[in-house]
Protein chains: 2
Amino acid sequence: MNIGDAAARSGVSAKMIRYYEQIGLIAPAARTAAGYREYDQRDVHTLGFIARSRDLGFSVSEISGLLDLWRKKDRRSADVKALAEARISDLYRKIADLQDMADTLETLVSTCSGNDRPDCPILQELEMPDSDDSLACSQDLGRKPGGRAAHLSRGSLKQRRSIV
Amino acid sequence: MNIGDAAARSGVSAKMIRYYEQIGLIAPAARTAAGYREYDQRDVHTLGFIARSRDLGFSVSEISGLLDLWRKKDRRSADVKALAEARISDLYRKIADLQDMADTLETLVSTCSGNDRPDCPILQELEMPDSDDSLACSQDLGRKPGGRAAHLSRGSLKQRRSIV
DNA sequence: ATAGTCCTTCCCACCGTTGTAAGGTCAATG
DNA sequence: CATTGACCTTACAACGGTGGGAAGGACTAT
């Protein structure tokens with residue numbers, strides 16, 4: 001079958017199939033006399049595996065590892081499990097980072113009247129995080145229990161790159 | 001002051017300061033006779049605002065909107081609040097997506113013995129999500145209450161792009 | 001004068017995906 | 001047989017935001 005069929009059946013776009021071939025995640029497809037790539041059921045099967053792995057957030061290099069394990073009959077399930085657990089840890093770390101942001105924003109939003117007047121504690125806080133203007137150590141109004149503390153400007157989520 | 005000083009004081013790297021200037025997020029800096037960019041306290045102030053906005057996950061275009069509101073004295077705080085709330089919604093959506101992935105992986109991991117033997121339900125599920133081999137509608141072992149359902153392959157987190 | 005640190009611009013890489021453009025191929029129709 | 005439309009091919013750029021590095025000029029301190 002052509003790449004379009006393989007794409008439709010596997011859930012991986014034709015573009016991405018070519019890309020995965022290019023970076024070596026999948027083997028180069030066979031070609032017809034005219035140069036068209038040819039795929040069979042097994043290829044679609046593999047592409048489906050890749051699509052589902054991607055849906056779980058695995059990176060291409062992680063998927064490469066999963067594919068290796070998948071094909072190796074003498075694999076140890078512990079290795080697969082370790083990959084999945086590493087991914088889970090990564091997810092929880094990212095979730096925590098996003099939750100920190102959300103908590104901080106919730107705190108700020110709760111202090112903003114949100115009317116037609118210009119005064120806005122959100123902007124004030126973005127402008128000068130440690131101006132002791134009520135937000136710094138105040139009432140905890142409306143904060144859900146268990147929420148992570150939300151303090152702008154002091155540390156904790158400083159690494160801006162690759163949060164997700 | 002030079003760009004290096006402005007970077008150190010604002011928390012925005014010199015690289016990013018040049019980038020923000022290039023894309024129009026900040027106005028082009030004044031230059032010395034030799035072509036060096038010059039910054040003053042107000043510039044550092046603005047850059048700090050940008051750094052803190054970025055720490056909260058605002059995109060460059062959102063920060064552009066925040067800067068506009070910040071500078072406009074006749075702003076409505078409701079507009080600022082709306083931006084923050086949109087950001088919060090976005091964060092919660094992303095968190096939910098990541099949580100879905102984590103839940104699915106937790107389910108899979110819990111079914112894998114993780115030993116030296118090759119048989120692995122994680123790989124089986126990645127391979128054929130709807131093979132009715134125990135996972136499909138089974139025991140709910142160890143699932144935390146309130147966790148989102150975790151079914152590979154049927155919808156829900158299909159949009160692979162821009163989860164975060 | 002020289003060394004060392006800063007600045008400038010320009011290009012490249014990441015990651016995964018999409019878009020677009022210019023051209024070749026296939027299958028079905030007139 | 002010719003044309004059409006849907007498909008395929010390659011190649012390149014873009015996205016967001018950040019970092020790395022090279023080549024060359026400017027500044028500062030000894």
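Computation of the quantities below employed the complete heavy-atom set of this structure, encompassing side-chain atoms and omitting hydrogens, waters and symmetry-equivalent molecules. Proteins come first, then strands; the chains are lettered A, B, ... in the order of their sequence lines, and each starts at number 1.
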Discussion item. Which nucleotide wins on minimum distance to the side chain of A:R18, given the candidates C:dT9, D:dT9, C:dT17?
Written reply: D:dT9
Worksheet item: Is a donor on one side and an acceptor on the other found under 3.5 Å between the side chain of B:R37 and the backbone of B:R31?
Response: no
Worksheet item: What parts of residues 27-36 of chain B reach DNA chain D, counting only heavy atoms under 4.0 Å away?
Response: B:A34, B:Y36
Fill in: Nearest-angstrom distance from the residue atom CE of B:M1 to P of C:dC6
16 Å
Discussion item. Both B:F58 and A:Y39 contact DNA chain D. Taking the nearest nucleotide for each, which residue is further toward the 5' end?
Written reply: A:Y39
Worksheet item: Quantified as the angle between the terminal helix axes (five pairs each), what is the overall bend of the helix from C:dA1-D:dT30 to C:dG30-D:dC1 to 10 degrees?
Response: 30°
Discussion item. Just to verify, what does B:R18 make a side chain to side chain donor-acceptor pair (under 3.5 Å) with, not counting sequence neighbours?
Written reply: none
Worksheet item: Could B:D119 and B:R117 be called an ion pair, given the rule that one side-chain N must be under 4.0 Å from one carboxylate O?
Response: yes
Enumerate all atom pairs, one protein N or O and one N or O from nucleotides 19-23 of chain C, separated by less than 3.5 Å.
residue, atom, partner, partner atom, Å
C:dG19, N7, A:K15, NZ, 3.2
C:dG19, O6, A:K15, NZ, 2.6
C:dT20, O4, A:K15, NZ, 2.5

Worksheet item: Just by modelled atom types, is the B:S59 backbone N or O under 3.5 Å from a matching donor or acceptor in the B:E62 side chain?
Response: yes
Worksheet item: Starting at CG of A:L56 and ending at P of C:dG16, how long is that distance when rounded to a whole Å?
Response: 15 Å
Practice prompt. May I ask you to decide if B:L25's main-chain N or O and B:S64's side chain share a donor-acceptor pair within less than 3.5 Å?
Written response: no
Discussion item. Please confirm whether the shortest side-chain N or O distance from A:S13 to OP1 or OP2 of C:dT17 is below 4.0 Å.
Written reply: no
Practice prompt. Return the orientation label for the A:H45 and A:W70 ring planes: parallel under 30°, perpendicular over 60°, tilted otherwise.
Written response: perpendicular
Worksheet item: Under a 4.5 Å cut-off applied to non-hydrogen side-chain atoms, are B:I26 and B:I50 in contact?
Response: yes
Worksheet item: Is B:T104 reaching over with its side chain to a backbone N or O of B:D100, donor-acceptor style, under 3.5 angstrom?
Response: yes
Practice prompt. Please determine, for the side chain of A:R37, which listed nucleotide (D:dT10, C:dT9, C:dC7) has the closest atom?
Written response: D:dT10
Response to the item:
Applying salt bridge (Lys or Arg N to Asp or Glu O under 4.0 Å) to A:E127 and not counting sequence neighbours gives none
Worksheet entry | Check: B:D5 main-chain N/O paired with B:N2 side-chain donor or acceptor under 3.5 Å | no
Item to complete: Specify the separation, in whole Å, of atom CG of B:D5 and atom C1' of C:dC6.
Response: 10 Å
Practice prompt. Give me the residues of residues 43-50 of chain A where at least one heavy atom lies under 4.0 Å from an atom of DNA chain D, by number, or none.
Written response: none
Item to complete: State whether the side chain of A:R87 and the backbone N or O of A:G57 hold a donor-acceptor pair below 3.5 Å, judged by distance alone.
Response: yes
Fill in: Test: B:D90 and B:R93 ion pair at under 4.0 Å
yes
Worksheet item: Just to confirm, is there a sub-4.0 Å distance from OP1 or OP2 of D:dT18 to any side-chain nitrogen or oxygen of B:Y20?
Response: yes
Worksheet entry | Phosphate-side-chain proximity, B:R54 and D:dT18, N/O vs OP1/OP2 below 4.0 Å | yes
